[in-house]
Protein chains: 2
Amino acid sequence: MTIQPLSESTEMYLKAMAELNQHETVAIGRLAGRLNVTAVSANEMVRRLSEQGLVKHTPYKGAALTKKGREAAGNVVRRQRLWECFLHDQLKIEWTQLYEYACSLEHATAPEVTEALAVFLGSPKTCPHGNPIPAADGSFTPLNGIPLSEVSVGQTVRVLAVNASAKEVIVHLHERGLLPGRKIKVTAAAPLQGPLTLQVENREVALGLHLAEFVIVEIHSK
Amino acid sequence: MTIQPLSESTEMYLKAMAELNQHETVAIGRLAGRLNVTAVSANEMVRRLSEQGLVKHTPYKGAALTKKGREAAGNVVRRQRLWECFLHDQLKIEWTQLYEYACSLEHATAPEVTEALAVFLGSPKTCPHGNPIPAADGSFTPLNGIPLSEVSVGQTVRVLAVNASAKEVIVHLHERGLLPGRKIKVTAAAPLQGPLTLQVENREVALGLHLAEFVIVEIHSK
DNA sequence: GGGAATAATAAGGGCAACCTTATCTTAATC
DNA sequence: GATTAAGATAAGGTTGCCCTTATTATTCCC
Ligand SMILES: [Mn+2]
Ligand SMILES: [Mn+2]
Ligand SMILES: [Mn+2]
Ligand SMILES: [Mn+2]
């Protein structure tokens, strides 16, 4: 099983679901937004995906990946993140372009190539954005961190990963020094969903709460 | 110009034309055969390609690449052959699989990635099959060799390149040791388009005349 | 409990690439 | 100059994935 090649579109739906929510249900609207299609189109596609047993759709509740779908999605993510490592470490491609370029390559990569690439790269555990690279069977342990948006004022944290796919978001975060490994102090939080004020490497940065959701951090012990 | 991204299908048609015939006209039937589509489909597609100015179609004569089409085709070939180098030299993928795997990747590769890959690989001049890698502008000088099928009995030649795309052909030639660099003596030629008999590294090999067309050789001086 | 937001469904279309079957045209050949 | 093979064209289909507009159903929340 899991040997039939999936279309690029199918792979992107599965990946989007995995990125939005590993296990729980994903609202059709969010899926549509992430993939830049209308809700009607997303509905149609989810129907096709559930006919293929990749997704379980509960009307008015949302869609969830099945075991089969989760494995397939993990595999797509694996391919993307391995390519990101290659593009970054070997080809010296800009950090902000990695996601986009790897997002094309991921659909054109045979299993044998994927595994040879992993070996070539030394079986990296995370991509250049800090996200974990799933195993060959599609499984992986999510990061043990929380979104920056949930950190309370006064705390110091370390960036584990940047988990964004929209180019503008990636560029925005990059420009503000929000990269894996960086130490950050949350110095203020504006009311009414206003921006956070951060201390990033001796630099004061304002960051919208929504944008902070994409930054996964761990509390900086000591 | 030449900035619009072409569809995978379009790129494959252009590449097939370049592989079949760099400059002259290509018969629609051959194109259809190479791409595994019906002649009707090839006709339709050639019409679309000529509407885009990539191809010049002369009814009942055949189709030829325009300057624009030749550049685009050269670029596809460049991407493929660079990936073949990577897959072979770095990932250690089997020689017989290179064409197929690179044929997927070629359509998913942005110009920036292509050029970074070329630099990473040290700007190779030929692919692992011995074929020249076009420049970034799509231009390249064809090999200065002749098909093995045109060599006369008694001559000794050196293999410059294997220029096949069908997997079975590639495997067949590989099994018989017909790889770039090999020295070959043509010891006999059967009548009525029968097979050639070759001396390949102390081994006697029979090779169909049709298959010999894919092996590009140079006369072995001295 | 009613209204708003979200989701689902129905109906009708579009586009790129493919397909089959049938008819007609041209080129090549003897 | 007639035959034949190859090519062109016409007509009608299919599949995947997308769209709009309209209607209906459900859930959520004040
Ligand atoms: Mn992708
Ligand atoms: Mn990444
Ligand atoms: Mn290809
Ligand atoms: Mn090659």
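So that the names make sense, note that chain A is the first sequence line, chain B the second, and so on, each numbered from 1. Given the structure is predicted, the values throughout are model-derived calculations rather than measurements.
Side-chain N or O atoms of K56(B) include none that pairs as donor or acceptor with a backbone N or O of G62(B) at under 3.5 Å. Between the side chain of T114(A) and the backbone N or O of A110(A) there is at least one donor-acceptor pair closer than 3.5 Å. Of the possible donor and acceptor atoms, one in the side chain of T66(B) sits under 3.5 Å from a partner among the backbone N and O of G53(B). A donor-acceptor distance shorter than 3.5 angstrom exists from the side chain of S7(B) to the backbone of T10(B), with no hydrogens or angles considered.
Straight-line distance from the CD atom of E11(B) to the P atom of dA16(C): 16 Å, rounded to whole Å. Across the protein-nucleic acid pair, R30(A) atom CZ and dA5(C) atom C1' stand 16 Å apart, rounded to whole Å. Between I28(B) atom CD1 and dT26(C) atom C1' there is a gap of 14 Å when expressed in whole angstrom units. For the pair L31(A) CG and dC17(D) P, the interatomic distance rounds to 14 Å; values are reported in whole Å. Atoms CD (E8(B)) and C1' (dC17(D)) sit 16 Å apart, rounded to a whole Å.
E106(B) and R78(B) are not joined by a salt bridge, as no carboxylate oxygen comes within less than 4.0 angstrom of a charged side-chain nitrogen.
Under the 3.5 Å distance criterion, with hydrogens and angles disregarded, no donor-acceptor pair is assigned to the side chains of N43(B) and R47(B). Side-chain polar atoms of Y101(B) and E84(B) form no donor-acceptor pair below 3.5 angstrom.
Between the side chain of Y60(A) and the base of dT6(C), no donor-acceptor pair under 3.5 Å is found.
Less than 4.0 Å separates DNA chain D from at least one heavy atom of each of the following residues of residues 41-57 of chain A: S41(A), E44(A), M45(A), R48(A).
Distances were taken from every side-chain heavy atom of V40(A) (C-beta onward) to each of dC18(C), dT21(C), dA22(D); the shortest belongs to dA22(D).
T38(B) comes within 4.0 angstrom of a nucleotide base, judged by non-hydrogen atoms across all strands.
If you find the closest nucleotide of DNA chain D to A39(B) and to P59(A), the one lying nearer the 5' end belongs to A39(B).
Within the structure, every side-chain polar atom (N or O) of Y13(B) is placed at least 4.0 Å from both OP1 and OP2 of dA16(C). Taking only side-chain nitrogens and oxygens, S7(A) comes nearer than 4.0 Å to OP1 or OP2 of dC17(D).
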